[in-house]
2 protein chains.
Amino acid sequence: MTVSKAAEKSSEKPADTAKGRKDAAELQGQGAGEALQLGELSEQLGYVLKRAQLKVFENFLRCMASLQLTPAQFSVLLLVEKNPGRNQTEIASTLGILRPNFVAMLDNLESRDLCARIRSTNDRRSHILVLTDKGKAVLARAKKLVATKHEARLNELLGQANREALIAMLAKVANEF
Amino acid sequence: MTVSKAAEKSSEKPADTAKGRKDAAELQGQGAGEALQLGELSEQLGYVLKRAQLKVFENFLRCMASLQLTPAQFSVLLLVEKNPGRNQTEIASTLGILRPNFVAMLDNLESRDLCARIRSTNDRRSHILVLTDKGKAVLARAKKLVATKHEARLNELLGQANREALIAMLAKVANEF
DNA sequence: GATATTTGATATGGTCCATAACAATTATCA
DNA sequence: TGATAATTGTTATGGACCATATCAAATATC
């Protein structure tokens, strides 16, 4: 209701001048059926970055379908494996995950017996994170899937050297932009 | 409630074996205070892509603060300017926006008098999209801000050649992955 | 030992993304 | 032609992700 009113208003305010009406008439049936021109959009960093990221995540999820791991979950398992004995706050913050949002993530991983919270004896407020044996096994399989299906795809698309250059540049952007 | 129960269960199932208890004890106070090791994470395409994208969007929003344009809104204005006379479905779909979600976006742009919906005379179901004069002016200012603040930042970080190589590779990933 | 801080957790709200459904209009084709 | 199917913009709605405020328990600070 406010929507259609806004639409009426706007289509009559700026476009209903003499010039506006002529322009609108000329546009009727403009390039119907033809593909749209992306123009400057195809060189906008943010645009191409976002689209690439969506495609990569999509591919990742397909590769991981058998293990049911999202990119975020995979990153948690990787980080916990590399840094066993750290607490939730440390793991979450280095991944850019806010502590409240990390709770449900861990609940999920723990309910699947991939990860365990252990009450710390030094600081009984905090939970130390460890991969379970199953978690280690699943992560090992996940790494193989990523290497053979996911990264291999990027290699055949860009070549080894370009792939490394791309990741290095992205890391630089992520860290120093 | 199911949460704490799951936590108890998992922390006692895989980690409370003789070996599990010893490992947990050894981990207490592991590398406290030291920075975490990213390990293989820093070479995961998806991870570095996502973090770079967040940083770039963040920077974009800062550069555009005076114009109050999000990356998505900027892309809509760019595409409508390059392809005037196309309808909502065409613009939305080439941007990867679903039609239902595009409605509110247009309501916003139209309420700010940056964009106008014009009922098509050829097909009276569809709305033709056009930039208003104000929309063209705002977009022109936005382009300048992007060029001088946003892209310039990337140039001084990577250099002109690397910047172009990065965007080309990202485009390839976005299109062919 | 009183006060402040930290940790994990809950509740909650916002934004973005996806699907189903609807009225109006147009396309299809028997 | 006229009945049926498809399309367009729209609404409603639910899920995923992200951010803030708040809390109890434990610890740190002074």
Side-chain angles (χ1 to χ4, degrees), chain A residues 1-8 10-11 28-29 32-33 46 50-51 53-55 57-58 61 68 70-73 75-76 85-93 95-110 115-129, chain B residues 1-8 10-11 28-29 32-33 46 50-51 53-55 57-58 61 68 70-73 75-76 85-93 95-110 115-129:
Chain A
M1 9 203 91
T2 71
V3 166
S4 53
K5 267 190 289 186
E8 300 300 329
S10 294
S11 64
Q28 299 295 111
K50 180 71 179 182
R51 300 211 72 135
Q53 183 257 315
L54 289 174
K55 275 288 186 69
F57 271 41
E58 207 178 293
L61 288 173
Q68 286 282 75
T70 68
Q73 291 168 337
S75 71
V76 169
R86 300 303 193 117
N87 65 23
Q88 296 184 199
T89 298
E90 292 172 308
I91 297 292
S93 75
L95 289 176
I97 302 175
L98 294 173
R99 276 74 80 216
N101 300 328
F102 194 48
V103 174
M105 272 197 72
L106 274 186
D107 290 345
N108 182 335
L109 294 176
E110 208 174 28
C115 178
R117 299 185 237 223
I118 303 177
R119 180 135 262 132
S120 169
T121 56
N122 302 331
D123 183 343
R124 284 168 45 218
R125 291 169 297 184
S126 59
H127 290 164
I128 276 178
L129 298 183
Chain B
M1 4 205 104
T2 72
V3 165
S4 53
K5 267 188 290 185
E8 299 302 327
S10 294
S11 64
Q28 300 294 114
K50 179 71 179 182
R51 300 211 73 134
Q53 183 255 315
L54 289 174
K55 275 289 187 68
F57 271 41
E58 207 178 292
L61 287 173
Q68 287 283 74
T70 68
Q73 291 168 336
S75 70
V76 169
R86 300 302 192 118
N87 65 24
Q88 296 184 200
T89 298
E90 291 173 309
I91 297 292
S93 75
L95 288 175
I97 304 173
L98 294 172
R99 277 74 82 218
N101 300 329
F102 195 46
V103 174
M105 274 197 69
L106 274 186
D107 290 345
N108 181 336
L109 294 177
E110 208 174 27
C115 178
R117 298 186 238 223
I118 304 178
R119 180 136 261 132
S120 169
T121 56
N122 302 330
D123 184 342
R124 284 169 43 217
R125 289 171 299 185
S126 59
H127 289 163
I128 275 178
L129 298 183

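Side-chain atoms are counted along with the backbone in the values below, which use heavy atoms only and exclude waters and symmetry mates. Proteins come first, then strands; the chains are lettered A, B, ... in the order of their sequence lines, and each starts at number 1.
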Among D/dT11, C/dA9, C/dA18, which nucleotide sits nearest the side chain of A/Pro100? C/dA9

Which listed nucleotide (D/dG9, C/dA9, C/dT25) is nearest to the side chain of A/His127? C/dA9

Taking all heavy atoms of [X] and all of [Y], pick out the closest pair and write down the distance.
X	Y	result
A/Arg117	A/His127	CD-ND1, 3.5 Å
A/Asn108	A/Gln73	ND2-NE2, 3.3 Å
A/Met105	A/Val76	CE-CG2, 3.5 Å
A/Lys50	B/Phe57	CB-CZ, 4.0 Å

For A/Arg99, answer base if it contacts any base atom (sugar-phosphate contacts may also be present), sugar-phosphate if it contacts only those atoms, and nothing otherwise; contact means non-hydrogen atoms under 4.0 Å. nothing

Considering every strand and a 4.0 Å limit on heavy-atom distances, what is the contact class for B/Asn101: base, sugar-phosphate, or nothing? base

Just the rounded figure in Å: distance from [atom2] of [N] to [atom1] of [X].
X	N	atom1	atom2	value
B/Phe57	C/dT15	CZ	P	16 Å
A/Gln88	C/dA9	CD	P	4 Å
B/Gln73	C/dC16	CD	P	9 Å
B/Leu54	C/dT15	CG	C1'	14 Å
A/Ile97	D/dC18	CD1	C1'	11 Å
B/Arg119	C/dT26	CZ	C1'	13 Å
A/Arg124	D/dA24	CZ	P	18 Å
A/Asn87	D/dA25	CG	P	20 Å

Would you tell me if any nitrogen or oxygen in the side chain of A/Thr89 comes within less than 4.0 Å of OP1 or OP2 on C/dG8? yes

Comparing A/Arg125 with A/Leu98, nearest DNA chain D nucleotide closer to 5' gives the residue A/Leu98

Would a distance-only check, ignoring hydrogens and angles, find a side-chain to backbone donor-acceptor pair under 3.5 Å from A/Arg119 to A/Arg124? yes

First of B/Thr121 and A/Lys50 reached from the 5' end of DNA chain C, by closest nucleotide: A/Lys50

